[in-house]
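One structure below.
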Amino acid sequence: MKLNKQDVLKALEKITVPGEGKNMVESGAVTNVMVFGDEVVVDVTINNPSLQARKKTEVEILKAIHAEVYEKAKIKINIKVDAEAAKPKTNEIKGKPLPGIKNIIAVASGKGGVGKSTVTANLAVSLAKMGFKVGLLDADIYGPSMPIMFDVAQEKPLAVNIDGKSKMKPVESYGVKLLSIGFFTQPNQAVIWRGPMASKALNQMIFDAHWGEIDFMLIDLPPGTGDIHLSIMQAMPVTGAVVVSTPQEIALADARKGVAMFQQDSINVPVLGVVENMAYFTPEELPENKYYIFGKEGAKHLSEDLKVPFLGEIPLVQSIREAGDVGRPAAMQENTPIEVAFEALTKNVVQQVVSRNTDLPPTEAIKITTMAGCSPVNKQ
């Protein structure tokens, strides 16, 4: 039996391309159809590279031609994957920014105890000293430390009326606007919440607060790669991420996972760089000596391996810890090596944000689609 090309195309029009609302011919997935007697050759291009998608496409074409054209037709299907369409576009996450907030920087660490909150607090103060309008969201729900570090542990956010709605007014200290779950709990009260409750509290601090005009919003994330991280990236468009680590191998192994989380295809948040905290110890009486207690340049080598920027190193200095305990971030100690180290780090972060905003489109929030993962959602 001699088959007709038009009959084959008509049969293929009954196959819908998932997610496009068009049939296989209309969408351009069918690139060519050749008919030789009772033989049919169909060339198809798909965007999904998985074996399951290929098999499904092949079965649907076979069924359509056998049912609509000729049940004994000999069919050959050539499936090609469009690599450009299938490959996630690097950092091309678009969406509406939060009103008044220009840049959102997530500060993360794969491991606890590496000084992430200390780096965040001093980065915020350094940005404020440079003249930027700075906000800081303490997203470490189970271990909020920012109220202590900014000497506002006894403060409470006030309610203000904005356009007829009651909003939280962030507590301000050292030129930084601050919100933390620590403002709403007693000092010895443990926050024993499941993920959804913690996420709801975070959303309230993000969307029910009057942040005003902010150049840089810093988010102090909890250690690890879990529910809170996904909730933050689901709630707001993160401009970029800073990962903090000490030089030791155990911390670097977890920092590598922290970078990998942001670089995951379904999250795809640009990593601005890696910070090496507690890089070396210098005794006050021997200012020229450096003792590499936790290893030497481990985070720097990690940044080279992962091909992400190295933002700087912060020494292990007693006064940094003391300053955090008394609520006056160490970056405020003028004319000291500590101030210089944090200023250099902050300048590098600002430069990376400028480069990122020049080279890449704006970011969007992500949408959680399954218990195991997430995907970008167009908010426009």
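All heavy atoms count here, side chains included; hydrogens, waters and symmetry mates do not.
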Between V271 and P309 the two heavy atoms that sit nearest each other are O-CD, 4.0 Å

Would you kindly confirm whether Y280 and V317 end up in one hydrophobic cluster when ILVMFWY residues are joined by side chain heavy atoms under 4.5 Å apart?
no

Residue pair Q263 / V308: nearest heavy atoms and the distance that separates them
NE2-CG1, 3.6 Å

Tell me whether the count of non-hydrogen atoms from other residues, nucleotides or ligands lying under 6.0 Å of CD1 in I162 goes above 12.
yes

If every non-hydrogen atom of G240 is compared with every non-hydrogen atom of L272, which pair is closest and at what distance?
CA-CG, 3.9 Å

Just so I know, are the side chains of L218 and L137 near enough to count as touching, which here means a heavy-atom distance under 4.5 Å?
no

Give a yes or no answer on whether the side chain of T282 reaches the backbone of N289 with a donor-acceptor pair at less than 3.5 Å.
yes

Is it the case that the side chain of N122 and the backbone of A330 share a donor-acceptor pair, with hydrogens and angles ignored and the cut-off at 3.5 Å?
yes

Distance-only, no hydrogens or angles: does the E155 side chain make a donor-acceptor pair with backbone N or O of F183 under 3.5 Å?
no

Looking only at heavy atoms, the pair that brings S180 and P144 closest together is OG-CB, 3.3 Å

Do L316 and M149 share a hydrophobic cluster, counting only Ile, Leu, Val, Met, Phe, Trp and Tyr and linking them when any side-chain heavy atoms are less than 4.5 Å apart?
no

If you compare all heavy atoms of F342 against all heavy atoms of S126, which two are closest, and at what distance to 0.1 Å?
CB-OG, 3.8 Å

Within-4.5 Å side-chain heavy-atom neighbours: V44 and N78:
no

Please lay out, stage by stage, how L311 and Q352 fare under the test side chain to side chain contact (heavy atoms under 4.5 Å, CB included).
CA-CA 9 Å; L311 297 173; Q352 289 302 321; 3.7 Å; yes

Should we count NZ of K169 as having more than 12 external heavy atoms under 6.0 Å?
no

Checking side chain to side chain contact (heavy atoms under 4.5 Å, CB included) for the pair I105/M217: CA distance, chi angles, key distance, verdict?
CA-CA 6 Å; I105 300 174; M217 167 72 80; over 6 Å; no

Min side-chain heavy-atom separation K76-V42 under 4.5 Å
no

Hey, are D215 and K133 close enough for a salt bridge, meaning a charged N less than 4.0 Å from a carboxylate O?
no

With K116 as partner, the option from D220, D254, D138 fulfilling salt bridge (Lys or Arg N to Asp or Glu O under 4.0 Å) is D220

Heavy atoms of W211 and L179 approach each other most closely as CZ2-CD1, 3.7 Å

Out of curiosity, does I15 fall in the hydrophobic cluster containing I79 (side-chain heavy atoms, cut-off under 4.5 Å, transitive links)?
yes

Pairwise side-chain contact, I219 with I104, heavy-atom cut-off 4.5 Å (strictly under)
yes

Sub-3.5 Å donor-acceptor pair from the side chain of E276 to the main-chain atoms of P247, do we have one?
no

Is K300 paired with E313 through a side-chain N to carboxylate O contact shorter than 4.0 Å?
no

Return yes when atom CG of L9 has more than 12 non-hydrogen atoms of other residues, nucleotides or ligands closer than 6.0 Å, and no otherwise.
yes

Do you reckon I148 sits in the same ILVMFWY cluster as V176, going by side-chain contacts under 4.5 Å, direct or chained?
no

Distance col, row L136:CG vs E172:CD, nearest 0.5 angstrom, shows 12.5 Å

Residue pair N103 / N357, side-chain donor-acceptor N/O under 3.5 Å:
yes

Are I314 and I320 close enough, and set up right, to give a side chain to side chain contact (heavy atoms under 4.5 Å, CB included), and what steps lead you there?
CA-CA 10 Å; I314 305 298; I320 296 179; 3.9 Å; yes

Parallel, tilted or perpendicular, judged at 30° and 60°: which one describes the rings of Y174 and F150?
tilted

Check K56 with E60, please: is the shortest side-chain N to carboxylate O separation under 4.0 Å?
yes

Do L178 and M130 land in one hydrophobic cluster if side-chain heavy atoms of ILVMFWY residues count as linked below 4.5 Å?
yes

Determine whether more than 12 heavy atoms belonging to other residues, nucleotides or ligands lie under 6.0 Å from atom CD of E288.
no

To the nearest 0.5 Å, atom CG of L123 lies from atom CG of L345 at 5.5 Å

What I want to find out is whether K102 reaches E213 closely enough, with some N-O distance under 4.0 Å, to be called a salt bridge.
no

Can you tell if the side chain of E339 reaches within under 4.5 Å of the side chain of E343, non-hydrogen atoms only?
yes

Validate the cation-pi geometry between K72 and Y70: distance from NZ or CZ to the six-membered ring centre under 6.0 Å, angle to the ring axis within 45°.
no

Taking the side chain as every heavy atom from C-beta outward, state whether I65 and V8 have any pair of such atoms under 4.5 Å apart.
yes

Quick check on K156: does its NZ atom have over 12 non-hydrogen neighbours (other residues, nucleotides or ligands) under 6.0 Å away?
yes

Between OG of S173 and NZ of K177, what distance do you get to the nearest 0.5 Å?
13.5 Å

So, taking the atom named CE in M24 and the one named CD1 in I46, what distance separates them when rounded to the nearest 0.5 Å?
8.5 Å

Report the C-alpha separation of N23 and L12 in whole Å, then their side-chain angles, then the decisive distance to 0.1 Å, and conclude whether the side chain to side chain contact (heavy atoms under 4.5 Å, CB included) test is met.
CA-CA 8 Å; N23 65 60; L12 296 177; over 6 Å; no

Euclidean distance, M205 CE relative to F184 CZ, rounded to 0.5 Å
7.0 Å

Considering only heavy atoms from C-beta outward, does the side chain of L127 approach that of V350 to under 4.5 Å?
yes

Between CD on residue E39 and NZ on residue K74, distance to nearest 0.5 Å:
5.5 Å

With a 4.5 Å limit on heavy-atom distance, are the side chains of H210 and M168 in contact?
no

